[in-house]
Amino acid sequence: MKNGTKWKLMIEVHVLNLDGIWFGVACDQLQIVASSFSPTQQKTLSNVLASIPYQKPFQVFVKPSDFAQTASVCIKKIYDGQGVDEPLPLAYASLPAYTQKVLKATLQIPLGYVASYGAIAKAVGGSPRAVGNVMASNPFAPIVPCHRVVKTDLKLGGYGGGLRVKVELLNREKRGFSHSKQVQVDDGSLTVFPAEYVLNSLV
DNA sequence: TGCAAACCATAAC
DNA sequence: GTTATGGTTTGCA
């Protein structure tokens, strides 16, 4: 734990169960390093550990720090379809530049809306396939709302946490919007569609 | 519809 | 370096 003269930055890993879902978050004192959720504690924990992008000592706490507590509550709110008022500080720095761009663009998709892989690719550069890759390895689920990214034909596409969860999240987030709109991302704009478009096409 | 090829950033070797 | 791998898209039959 100690490295000679001073403390290393410690990563704290915390899991909690809310409504039968295990939420996990890894953070240091300043920002979230990784997050995940799944039906089992073990899977959540291993997901989070696998997502920690660099080797640092970490510790699993039973009693979370204030920051970890706040982060967990935010994740739960997101899972409930409520969204959060304040953006959570995420540790992007260690991720590849393109990954950062895609994640940031994904964060711009408003609650209740979805965007396509292709549209994101257009906005940030690269190809839809590459965007899909970033989503697949999204270390900040569900904080970065990769569940709001779908195929061009408004079919679901895939989801790391399982398609059932993706549908569930979109169902909770839907707000009865009826028109697509444009949102600004980094250096382009992104067309987003109401979540209903996707949910309605499921039946 | 369904298939095949192009797409392109990463991770793994 | 090189290769394999996708949460996709598009075009063509």
Side-chain angles (χ1 to χ4, degrees), chain A residues 11 21-24 26 32-40 43-44 46-56 58 75 78-79 81 90-174 180 182-183 185-203:
Chain A
I11 302 240
I21 302 284
W22 285 94
F23 295 85
I32 294 171
V33 172
S35 64
S36 185
F37 64 94
S38 82
T40 70
K43 186 141 187 256
T44 298
S46 67
N47 282 349
V48 171
L49 295 182
S51 297
I52 295 176
Y54 37 82
Q55 280 314 106
K56 282 202 173 159
F58 63 85
I75 291 172
I78 291 167
Y79 183 77
L90 303 175
Y92 290 113
S94 58
L95 300 172
Y98 184 76
T99 302
Q100 294 185 35
K101 278 176 85 168
V102 172
L103 293 180
K104 283 175 185 170
T106 306
L107 272 174
Q108 301 305 309
I109 305 172
L111 190 72
Y113 287 91
V114 298
S116 73
Y117 298 98
I120 292 176
K122 224 177 206 171
V124 305
S127 79
R129 208 76 179 80
V131 172
N133 270 338
V134 174
M135 296 302 145
S137 58
N138 176 15
F140 303 118
I143 300 170
V144 172
C146 52
H147 55 277
R148 294 180 198 152
V149 185
V150 298
K151 303 215 299 189
T152 300
D153 58 5
L154 297 181
K155 297 250 171 61
L156 275 181
Y159 193 64
L163 286 182
R164 225 185 57 236
V165 178
K166 188 168 185 173
V167 174
E168 178 78 9
L169 282 166
L170 291 176
N171 251 315
R172 293 172 198 232
E173 289 188 351
K174 68 181 175 189
S180 63
Q182 299 285 123
V183 296
V185 301
D186 219 11
D187 27 64
S189 78
L190 184 63
T191 306
V192 296
F193 300 92
E196 277 84 350
Y197 284 23
V198 176
L199 296 168
N200 293 341
S201 78
L202 289 179
V203 279

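Lettering follows sequence order; numbering is per chain, from 1.
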**Student:** In whole Å, I'd like the distance from the CG atom of A:D153 to the P atom of B:dG2.
**Tutor:**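 The answer, rounded to whole Å, is 13 Å.
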
**Student:** What heavy-atom pair brings A:V114 and A:P194 nearest, and what distance separates the two atoms?
**Tutor:**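 Scanning both residues completely, I find the closest heavy atoms to be CG2-O, 4.2 Å.
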
**Student:** When you look at A:I109 and A:V183, which way does the side-chain contact (heavy atoms from CB on, under 4.5 Å) test go after all the steps?
**Tutor:** CA-CA 7 Å; A:I109 305 172; A:V183 296; 5.9 Å; no

**Student:** Using only side-chain N and O atoms of A:T99, determine if any of them is under 4.0 Å from OP1 or OP2 of B:dT10.
**Tutor:**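 Yes.
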
**Student:** From CG of A:N133 over to P of B:dC8, roughly how many Å is that when rounded to an integer?
**Tutor:**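 Value for this atom pair: 13 Å.
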
**Student:** Select base, sugar-phosphate, or nothing to describe what A:Y117 touches, counting heavy atoms under 4.0 Å on all strands.
**Tutor:**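 Base contact - A:Y117 has a heavy atom under 4.0 Å of at least one base atom.
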
**Student:** Map A:R129 and A:K151 onto DNA chain C by nearest heavy atom, then report which one ends up closer to the 5' terminus.
**Tutor:**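 Mapping each residue to its closest nucleotide by heavy atoms, the 5'-most match is A:R129.
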
**Student:** Do A:E173 and A:H147 have side-chain N/O donor and acceptor atoms under 3.5 Å apart?
**Tutor:**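 A donor-acceptor contact under 3.5 Å links the two side chains.
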
**Student:** Taking C-beta and beyond as the side chain, do A:K166 and A:L156 meet within less than 4.5 Å on heavy atoms?
**Tutor:**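 Yes - at least one pair of side-chain heavy atoms lies under 4.5 Å apart.
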
**Student:** Tell me whether the rings of A:F140 and A:Y92 are parallel (<30°), tilted (30 to 60°) or perpendicular (>60°).
**Tutor:**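 Perpendicular, since the angle between the ring planes exceeds 60°.
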
**Student:** Give me the first and last nucleotide of DNA chain C, going 5' to 3', that has any atom under 4.0 Å from a heavy atom of chain A.
**Tutor:**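 Extent of the interface on DNA chain C: C:dG6 to C:dT9.
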
**Student:** Please determine which of A:P110, A:S180, A:S116 meets the side chain to side chain contact (heavy atoms under 4.5 Å, CB included) test together with A:V192.
**Tutor:**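 Exactly one candidate clears the test, A:P110.
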
**Student:** Can you run down the ring pair (Phe, Tyr, Trp, His ring centres under 6.0 Å) pairs that involve residues 103-135 of chain A, sequence neighbours left out, and say none if there aren't any?
**Tutor:**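 Found A:Y113-A:F177.
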
**Student:** Describe the nucleic acid contact of A:S137 in one word from base, sugar-phosphate, nothing, applying a heavy-atom distance below 4.0 Å.
**Tutor:**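 No contact.
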
**Student:** Dot-bracket, DNA chain B: Watson-Crick or G-U, under 3.5 angstrom, [ ] crossing, | other strand?
**Tutor:** ||||||.||||||

**Student:** Atom CD in A:E196, atom OG in A:S201: separation rounded to 0.5 Å?
**Tutor:**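 Going from the CD atom of A:E196 to the OG atom of A:S201 covers 11.5 Å.
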
**Student:** Roughly how many Å is it from CG in A:L103 to P in B:dT10, rounded to a whole number?
**Tutor:**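 So the two atoms are 10 Å apart, to the nearest Å.
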
